[in-house]
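A, B, ... follow the sequence lines: proteins, then strands. Residue 1 opens every chain.
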Number of protein chains: 2
Amino acid sequence: MRMVEERSGAAGSGTRARTRRAIIDAAIGLLAGDPTASLGDVAAAAGVGRTTVHRYFPERSGLLTAIGTDILEKVEAATDRARLDDGPAAKALERLCQEYFELGDGLTLMFETPQLATWSGWDEETAADQHFLRTVRRGHTDGSIDSELDEEWVRNLVWSLLYSAWAHTRTAGASKHSAMTLCLHTLRKAIAP
Amino acid sequence: MRMVEERSGAAGSGTRARTRRAIIDAAIGLLAGDPTASLGDVAAAAGVGRTTVHRYFPERSGLLTAIGTDILEKVEAATDRARLDDGPAAKALERLCQEYFELGDGLTLMFETPQLATWSGWDEETAADQHFLRTVRRGHTDGSIDSELDEEWVRNLVWSLLYSAWAHTRTAGASKHSAMTLCLHTLRKAIAP
DNA sequence: GCTGAATGGAACACTGATGTTCCATAACGG
DNA sequence: CCGTTATGGAACATCAGTGTTCCATTCAGC
């Protein structure tokens with residue numbers, strides 16, 4: 001018998017936690033390429049049986065929610081690492097850009113997820129989101145960000161550039177580094193006053 | 001009996017052409033919001049019976065192909081209207097941006113369509129695409145476009161900004177005009193040398 | 001090595017979308 | 001006004017994905 005475990009996010013016994021991660025990671029990688037992939041495909045990609053997937057996520061929506069939560073956590077962690085409150089706001093956004101870029105497939109998924117499921121956490125104001133918007137406003141004040149660009153537009157812009165950068169590595173076959181360079185170069189000029 | 005008609009794109013008799021357009025337009029509007037919408041939903045949105053949809057497009061993929069072709073035509077037309085060869089290349093891109101912006105839902109769909117169907121026409125070099133890339137190169141020469149940004153990156157950038165602009169009207173509830181202003185403002189700064 | 005937890009696979013019922021056929025009715029056009 | 005053309009709706013077969021159950025097997029940890 002096991003105690004309460006299986007609460008909110010993480011799993012309990014080592015084996016279960018590992019299997020759960022394997023499924024979620026495989027699902028993120030697979031759904032980023034094809035949001036309509038079946039649970040059977042996810043199971044195959046994770047290297048487990050379809051039955052096992054259903055054991056961890058009785059309903060498809062449960063898996064989707066778990067993915068959403070997982071990505072959200074990664075976003076929060078990346079935001080923390082970017083130390084948004086240090087130095088000029090414009091520089092902070094560049095650091096954030098680099099951190100977010102490392103999210104990889106999770107990034108792609110965030111663009112396509114609205115179609116996957118009506119995931120409740122997106123439009124809600126997350127801590128990371130608020131911190132971002134606050135930083136843009138700080139940039140308006142400290143003069144490092146063009147004050148003609150309101151916060152929401154800058155947020156959209158950053159996400160778009162990140163998406164473009166990833167697309168650039170795929171379509172133009174560019175290296176991650178050169179894509180990031182272009183991305184930052186463009187961001188810097190776009191938000192400069 | 002009807003003659004050859006029904007060739008490549010357009011339909012034949014007036015009534016058929018009108019119904020066909022109604023279905024395609026409804027499908028574009030609907031699929032832009034939910035790419036997984038069923039043919040029954042499309043029929044309802046178009047104000048016709050599900051049977052009629054199947055009569056025009058025996059298979060779902062046929063409808064998807066028709067949509068792709070339709071959007072592609074609109075893109076070509078918009079590109080022509082932008083008169084890319086007139087004036088400084090940077091200004092030409094701004095005009096193009098404005099024209100593309102008017103594509104509306106078609107724009108949204110172009111981002112999500114790769115998942116809808118393996119539509120052959122996307123990666124193929126269309127006339128509009130080549131004209132675009134050529135214009136960017138012209139901008140590198142005439143000094144109106146930052147030569148550190150290669151053609152493909154500028155193309156990705158323009159599409160991203162357009163997507164952002166539309167997203168901005170939805171999420172931030174901005175007017176089309178103010179979204180376009182932000183979009184152009186940002187593009188101008190981003191591509192300036 | 002032993003025991004319970006974890007897994008894989010087969011078999012099943014269920015659902016929603018797709019695609020087809022047929023017929024009665026409405027609209028179009030000369 | 002009449003015949004052709006286009007349409008709507010019902011009924012049907014089919015199919016793929018989902019979710020469930022059961023059982024034999026394997027694995028992990030003590």
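With sequence neighbours excluded, the residues forming a salt bridge (charged side-chain N to carboxylate O under 4.0 Å, His left out) with B:R188 are B:E94, listed by chain and number.
Classification of the A:W153-B:H168 ring pair by plane angle, with boundaries at 30° and 60°, yields perpendicular.
Side chains of A:F132 and A:V154 form a contact here, defined as non-hydrogen atoms less than 4.5 Å apart. Taking 4.5 Å as the limit, every side-chain heavy atom of A:T108 sits out of range of all side-chain heavy atoms of A:L103.
Atoms CD1 (A:I23) and C1' (C:dA6) sit 12 Å apart, rounded to a whole Å. Between the C1' atom of C:dA17 and the CG atom of B:D34 lies a distance of 13 Å, rounded to the nearest Å. In this structure, the CG atom of A:L64 is 16 Å from the C1' atom of D:dG19, given to the nearest Å. When the P atom of C:dA27 is taken as reference, atom CZ of B:R18 falls 13 Å away, rounded to whole Å. In this structure, A:D41 atom CG and D:dA16 atom C1' are separated by 11 Å, rounded to whole Å. Rounded to an integer number of Å, the gap from B:L63 CG to C:dT18 C1' is 13 Å. Nucleotide C:dT20 holds its P atom 15 Å from the CZ atom of B:R60, rounded to whole Å. Taking atom NE2 of A:H54 as the reference point, atom C1' of D:dT18 lies 5 Å away to the nearest angstrom.
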Report, one pair per line, the protein and nucleotides 7-11 of chain D atoms (nitrogen or oxygen only) whose separation is under 3.5 Å.
| residue | atom | partner | partner atom | Å |
| --- | --- | --- | --- | --- |
| D:dT7 | OP1 | B:T19 | OG1 | 2.3 |
| D:dT7 | OP2 | B:Y56 | OH | 2.7 |
| D:dG8 | OP2 | B:G49 | N | 2.7 |
| D:dG8 | OP2 | B:T52 | OG1 | 2.5 |
| D:dG8 | O6 | B:R55 | NH2 | 3.1 |
| D:dG9 | N7 | B:T51 | OG1 | 2.7 |
| D:dG9 | O6 | B:T51 | OG1 | 3.4 |

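The existence of a salt bridge linking A:K91 and A:D86 is excluded, since no basic side-chain nitrogen approaches an acidic carboxylate oxygen closer than 4.0 Å.
Looking only at atom types and distance, the side chain of B:H140 has no donor-acceptor partner in the side chain of B:D150 under 3.5 Å away.
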